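Step one of this worksheet: look at the structure below.
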Amino acid sequence: MFLRNAEPWMDGSTLGEHLEESGVSRRSFLEFCTEMAVILGLGSAAAPSVAKALEAQKRPTVIWLEMQECTGCVESVLRTEAPTIGDLVLDVVSLDYSETLMAAAGHAVEKAKADSMAKNKGGYVLIVTGSVPTKEDGIYCMVAGRTIREHLEEAAEGAAAIIALGACAHWGSVQAARPNPTGAVGVRDIIKNKPIINIAGCPPIGDVVTASVVHFLTFGRLPSTDREGRPLFAYGNRIHDDCPRRAHYDAGQYVENFDDDAARRGWCLYQMGCKGPATYSPCPIVQWNNRTSWPIGAGHPCIGCTEPYFWDTMTPFYRRLPEVGGFGVEERVDTIGASLAIGAAAGVLTHAGMTVLHQIRRRKSMKQVPEHEHPATEESHNG
Amino acid sequence: MTTGKPRPPVRPSWFDTKLPRARGDITWIYLWGAPLRFSHWLSAVTLLILFVTGLFISFPMWVTAGEASSHFLMGRFRFIHYTAAAFLVFGGIIRVYWMFAGNQFERWPALWPFTRTNLRHALTMLKSYATLNADIQPHFVGHNPLAQGAYTTIYVLTTIMIFTGFAMYGQSNPGGFFYTMFGWVPSLLGGLQHVRLLHHSIAWFYPIFFCIHIYLAIRSDYLERAGVVSSMLTGGRFVASHEKFEDCDLGDQPAVPWHTGEHPVWVKEP
């Protein structure tokens with residue numbers, strides 16, 4: 001669509017020249033810039049600035065490291081709406097290394113990576129998907145005979161910025177969930193001296209990645225982030241506050257079973273354990289796969305995959321609150337709390353009854369003081 | 001009021017027949033300042049509202065029918081919850097002020113009575129409750145250390161509730177005041193779900209505390225006849241002149257009969 005007959009983008013030529021050579025119309029380029037400006041929260045009025053900055057851009061280099069992961073993030077980015085994957089990864093940015101997408105293999109590609117890193121030292125963008133295993137010296141993830149940690153440290157050395165793509169790359173995701181057998185950690189736990197942006201999600205939305213790269217190319221720096229390192233343009237709002245089912249939440253209309261009438265009517269999934277109230281993500285707005293749908297739109301509660309350590313903190317996915325263990329059987333906090341409260345009430349009533357009985361017995365055993373021996377006032381209350 | 005016929009004597013009920021009359025001088029002392037009493041009852045009402053509305057928010061047991069546009073059930077419950085929370089915090093601010101302006105029983109050092117002697121007294125109180133033996137109870141003008149420990153615990157728990165509550169409240173307006181001020185809470189607890197769980201778990205302490213607190217206050221009134229329950233309304237309690245207290249020496253407090261209206265005001269530790 002965007003770069004139908006793409007020519008290879010040669011070193012030294014700007015993006016503007018490259019697009020012209022490839023026969024891309026000015027119009028479609030500006031459409032792309034407008035869309036990116038909108039996603040970035042700059043507003044469509046910023047499109048000319050984005051276009052100006054982008055077309056003057058020299059060919060950027062991207063190294064994509066895939067570590068301990070499932071490749072789902074790559075799949076997600078491949079479905080970026082505009083530009084299409086061929087345009088984005090193979091042309092707009094020059095992907096010099098990516099295990100999943102590159103055609104070459106073996107020693108040749110390792111050499112190409114080393115050459116590219118040496119040549120563009122300090123200037124390339126490092127995209128990282130997957131987590132880094134740290135136990136047993138990191139032998140759980142090896143590429144080309146070396147641990148992925150060595151690859152990461154080597155690649156990060158000359159990177160201008162690191163894009164940690166997906167939940168694994170920042171928090172370790174499922175591999176780092178308790179008991180974390182491989183000692184999986186995110187990139188930020190290994191690399192401390194580089195700007196890292198956290199494109200959270202399992203997987204993240206492809207358009208967010210594209211927009212972040214465009215932001216980097218336009219402004220020469222990564223977009224501003226929240227305290228979890230996620231770009232604010234995408235992760236600035238809770239799903240709950242942008243949710244099209246929010247009216248049902250406020251009205252008190254909830255799905256209680258996946259096959260009930262409320263589910264068919266598209267009511268709120270709060271009771272089904274939806275983590276929308278605790279999750280920051282652009283899912284309701286940007287949606288997935290060319291705006292086809294998104295989890296809550298499809299009737300499934302949000303599992304909170306853009307939040308820290310979501311496999312530990314957001315589970316169980318179909319319950320609102322985390323489980324409380326420690327009794328052998330998993331008990332819900334309400335069961336424990338209500339039992340304790342009822343126990344306290346019962347205990348108090350028992351104690352009260354016993355106190356009264358005890359007191360009556362005690363008083364019966366007392367000797368009554370005759371009225372004339374009593375030194376108190378003359379009022380005769382209480383016998 | 002009446003003339004002529006002599007009035008009949010009071011006929012005691014069957015279980016009070018052998019109750020001895022109080023001996024000696026009874027004095028009414030002013031103990032709890034108005035700000036403390038105000039914040040106490042404000043907390044009582046708001047905490048009750050907060051617990052009930054909080055239960056609904058966590059588990060909406062009623063589902064409305066028809067169009068969403070004609071209902072606002074959860075919205076109203078949340079509004080009441082947040083409003084009650086605001087009033088609770090208002091009362092809390094007054095209580096904190098009174099921790100510095102109140103008398104020795106209300107000031108902040110009184111919240112922390114955990115000296116060796118006081119721990120012993122607390123243990124004796126527990127023993128007294130367990131054996132139903134009121135005679136071994138140590139006497140205090142203010143709270144006994146066991147009660148004070150419970151109140152201090154509730155203060156601490158309520159502070160946690162306020163912080164976790166505001167942390168969740170702030171989420172609806174990212175970058176806003178509450179989001180920024182309480183942003184460290186989810187980070188500290190490891191995510192919003194843990195904030196939610198903590199807030200939800202602590203909520204169950206309140207009905208438990210309500211039961212025990214109200215029971216023990218009434219029980220103490222029943223056994224000691226010192227007017228403990230009404231002290232939270234009138235501010236004062238009765239003391240017998242011969243009674244010895246662990247937390248302070250009433251010393252030469254004049255034994256003024258309480259009904260004369262000349263209430264000695266207890267201000268400072270001698």
Side-chain angles (χ1 to χ4, degrees), chain A residues 226-227 236-238 240-241 247-254 256 262 267 270-271 275 277-278 280 304 307-310 312-314 320-322 324 333-334 336-338 340-341 343-345 347-348 351-352 354-356 358-360 363-364 366-369 374-377 380-383, chain B residues 9-12 15-24 58-60 62-65 67-75 77-78 129 132-134 168 171-172 174-175 183 186-187 190-197 200-201 203-205 207-209 211-212 214-216 218-219 222-223 257:
Chain A
D226 64 6
R227 60 169 73 79
N237 275 330
R238 265 194 316 179
H240 191 52
D241 294 321
H248 295 292
Y249 170 80
D250 286 330
Q253 302 183 322
Y254 306 100
E256 288 170 327
W267 285 3
Y270 183 71
Q271 291 277 58
K275 302 302 185 297
Y280 286 78
E307 292 298 315
Y309 308 103
F310 80 100
D312 286 332
T313 60
M314 295 295 175
R320 247 184 45 71
L321 291 171
V324 178
V333 62
D334 281 340
I336 298 170
L340 285 175
V348 154
H351 199 269
M354 284 165 71
T355 303
V356 171
H358 184 78
Q359 201 65 5
I360 289 169
R363 283 173 189 171
K364 277 188 177 153
M366 280 181 181
K367 190 168 167 284
Q368 184 154 19
V369 182
H374 206 286
T377 59
S380 62
H381 55 177
N382 261 346
Chain B
V10 173
R11 296 203 182 280
F15 60 87
D16 264 352
T17 46
K18 289 179 182 174
L19 182 69
R21 201 188 289 228
R23 286 162 186 270
S58 78
F59 185 82
W62 305 312
V63 174
T64 60
E67 289 298 318
S69 56
S70 51
H71 300 286
F72 199 54
L73 187 63
M74 177 59 96
F77 266 96
R78 289 173 65 234
Y129 290 141
L132 298 175
N133 186 356
M168 290 189 284
Q171 300 300 319
S172 60
S187 312
L192 267 178
Q193 282 300 101
H194 289 167
V195 177
R196 199 155 271 145
L197 180 65
H200 190 91
S201 308
W204 280 109
F205 279 90
I208 297 169
F209 175 79
C211 283
I212 298 174
I214 294 167
Y215 165 62
L216 287 182
I218 293 173
R219 182 179 191 267
Y222 170 64
L223 293 179

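The model shown is predicted, which means the values in this text are computed figures rather than measured ones. In what follows, chains carry the letters A, B, and so on, assigned in the order in which the sequence lines appear, proteins first and then strands, with residues in each chain numbered from 1.
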A:Tyr254 side, atom OH; B:Trp62 side, atom CH2 - distance, nearest 0.5 Å | 12.0 Å
Let me know if A:Arg320 has heavy atoms under 4.5 Å from chain B in its side chain, its backbone, both or neither.
-> both
Between B:Gly191, B:Gly75, B:Pro174, which shows the greatest number of heavy-atom pairs under 4.5 Å with chain A?
-> B:Pro174
Most heavy-atom pairs under 4.5 Å with chain A, out of B:Phe72, B:Trp204, B:Phe205, belong to B:Trp204
Report yes if some heavy atom in the side chain of B:Arg219 is under 4.5 Å from a heavy atom in the side chain of A:His351; otherwise report no.
-> yes
Nearest-0.5 Å distance, OG of residue B:Ser201 to CD1 of residue A:Ile336 = 8.0 Å
To the nearest 0.5 Å, how far apart are CE in B:Met74 and NE2 in A:His248?
-> 14.0 Å
Apply the side chain to side chain contact (heavy atoms under 4.5 Å, CB included) test between A:Val348 and each candidate in B:Ile212, B:Ile214, B:Leu216; give the one that qualifies.
-> B:Ile212
For A:His358, is it the side chain, the backbone, both or neither that has a heavy atom under 4.5 Å from a heavy atom of chain B?
-> side chain
Given that the side chain runs from C-beta out, which part of A:Ala262 has a heavy atom under 4.5 Å from chain B: side chain, backbone, both or neither?
-> neither
Is there a donor-acceptor contact under 3.5 Å linking the side chains of A:Asp334 and B:His200?
-> yes
Can you tell me how far the NE2 atom of B:His194 sits from the CG atom of A:Leu321, to the nearest 0.5 Å?
-> 10.5 Å
Under 4.5 Å from a heavy atom of chain B, the part of A:Gln271 involved | side chain
Tell me, for A:Tyr309 versus chain B, whether the close heavy atoms (under 4.5 Å) come from the side chain, the backbone, both or neither.
-> neither
Top of A:Pro277, A:Ala247, A:Gly343 for chain B proximity - count of heavy-atom pairs under 4.5 angstrom | A:Pro277
Among A:Gln359, A:Met314, A:Glu256, which has the most heavy-atom pairs under 4.5 Å with chain B?
-> A:Gln359
Heavy-atom check, side chain of A:Arg238 versus side chain of B:Ser172, under 4.5 Å = yes
So what's closer than 4.5 Å to chain B heavy atoms on A:Pro308: side chain, backbone, both or neither?
-> neither
Chain A: which of B:Ala65, B:Ser58, B:Ala203 shares the most heavy-atom pairs with it under 4.5 Å?
-> B:Ser58
Under 4.5 Å heavy-atom distance to chain B, tell me which part of A:Tyr280 shows up: side chain, backbone, both or neither.
-> side chain
So which of B:Asn133, B:Ile218, B:Leu223 has the largest heavy-atom pair count under 4.5 angstrom toward chain A?
-> B:Leu223
Residues A:Glu307, B:Gln193; criterion side chain to side chain contact (heavy atoms under 4.5 Å, CB included); working and verdict = CA-CA 10 Å; A:Glu307 292 298 315; B:Gln193 282 300 101; over 6 Å; no
Of all heavy-atom pairs linking B:Ile208 and A:Ala344, the shortest is CG2-CB, 3.7 Å
May I ask you to name which of A:Ala345, A:Pro322, A:Ala341 has the most heavy-atom pairs under 4.5 Å with chain B?
-> A:Pro322
Would you say B:His71 and A:Asp250 make side-chain contact, with heavy atoms under 4.5 Å?
-> no
